[in-house]
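Remember, it's a predicted structure, so these values are computed and weren't measured experimentally.
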Amino acid sequence: MEHSIKNKVALITGASKGIGFGIAEALLKQDVKVAISSRSQASADEAAKKLGAGVLAIEADVKDFESQQKAVEKVIAKFGALDFLIANAGVGHFAPIDELDPKLWLDTIDTNLTGVFYSVKAAIPALKKSQGYIITISSLAGTNFFATAAAYNASKFGLTGFSQAIMLDLRKYGIKVTTIMPGSVATEFADQQINATEDAWKIQPEDIGQMVSDLLNMNPRTLPSKIEVRPTKTSN
């Protein structure tokens, strides 16, 4: 029987803009039922309005385990199941280690690493039932270190390792796990300003959306467990 993701159910964290929003757009085109979460209900509602009717908008903080449990409960209450978790929510704080505020260190680790743990942990019971798919959004910073990125590197190195370890833990339940590690993406991440012309060389959010869609459509017998993706060009 041909593999299809039509009418499957996806929860995408941090999806009010950027990569998460691009993933939501791509999955909706595949007739996937989509729930998006954001720390702000207003932001989630605004994004859901742009995405179209039927999208479930949830206020949820990945740094709060109970919040993630409630998000999963809301998805199941509306759609009846959870098939795909796209753990996308993340932050970036950059400073030399001697200038790095401990609060920003904690925010980075708690969001990018512990937050994914909470999202995954909350989703596992439902994903065991559906033999679902977890995709985490790491970064090339999860394998390449650079100055001013002590907190970000630590979080993404950790996330890459975490994702590969849970892939081995969960495959016995029929749950697939992939981590995507993008390079430069044209988003407002870390307060970057987007310029359509100047940023045209970068990976676009819809490119990651297409990649997620392709992964979910792949035959269940095959698992690309870690994917590095970078712009073809280095810059304009």
Side-chain angles (χ1 to χ4, degrees), residues 12-23 37-44 46-47 59-68 86-121 135-166 179-205 207-208 226-236:
I12 309 167
T13 67
S16 63
K17 57 185 179 181
I19 290 175
F21 189 89
I23 293 170
S37 71
S38 171
R39 287 176 295 179
S40 162
Q41 186 66 56
S43 295
E46 182 179 355
E59 179 179 4
D61 186 351
V62 296
K63 295 187 291 184
D64 183 332
F65 179 54
E66 185 177 349
S67 178
Q68 295 309 290
I86 317 299
N88 166 75
V91 298
H93 299 298
F94 301 92
I97 188 61
D98 52 315
E99 300 174 14
L100 182 63
D101 188 320
K103 292 180 180 179
L104 296 182
W105 166 272
L106 288 174
D107 187 51
T108 306
I109 299 298
D110 288 350
T111 303
N112 296 357
L113 183 53
T114 305
V116 176
F117 165 72
Y118 286 160
S119 298
V120 167
K121 190 72 174 175
I135 296 178
T136 67
I137 306 299
S138 185
S139 169
L140 289 181
T143 191
N144 302 304
F145 50 85
F146 56 96
T148 76
Y152 192 67
N153 279 147
S155 70
K156 292 300 188 177
F157 268 72
L159 176 55
T160 300
F162 170 80
S163 301
Q164 295 296 280
I166 68 169
T179 189
I180 298 175
M181 306 171 68
S184 299
V185 183
T187 71
E188 296 172 344
F189 180 74
D191 298 324
Q192 297 178 94
Q193 298 299 312
I194 301 174
N195 183 296
T197 301
E198 293 179 2
D199 291 334
W201 65 276
K202 295 180 179 179
I203 299 165
Q204 303 298 309
D207 300 334
I208 304 300
K226 182 171 68 172
I227 300 174
E228 295 187 4
V229 54
R230 47 180 52 79
T232 302
K233 299 180 179 179
T234 55
S235 70
N236 288 332

What distance separates Ser16 OG from Gln41 CD, expressed to the nearest 0.5 Å?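 It is 11.0 Å, given to the nearest 0.5 Å.
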With a 4.5 Å limit on heavy-atom distance, are the side chains of [X] and [Y] in contact?
X	Y	result
Asn112	Val91	yes
Ile19	Ile180	no
Val62	Tyr118	no

Report yes or no: does [X] contribute a side-chain atom to a donor-acceptor pair with the main-chain N or O of [Y] at less than 3.5 Å?
X	Y	value
Thr13	Asn88	yes
Ser40	Ala42	yes
Asn153	Asn144	yes
Lys156	Ile137	yes
Thr179	Thr160	no

Considering all heavy atoms, the nearest Pro182-Ser138 contact: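 Reported closest heavy-atom pair: CD-O, 3.3 Å.
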Write down the atom of Thr136, the atom of Ser163, and the distance for their closest heavy-atom approach.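 That would be OG1-OG, 2.7 Å.
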Using 30° and 60° as the class boundaries, would you call the ring planes of Phe145 and Phe157 parallel, tilted or perpendicular?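 Answer is tilted, since the angle falls between 30° and 60°.
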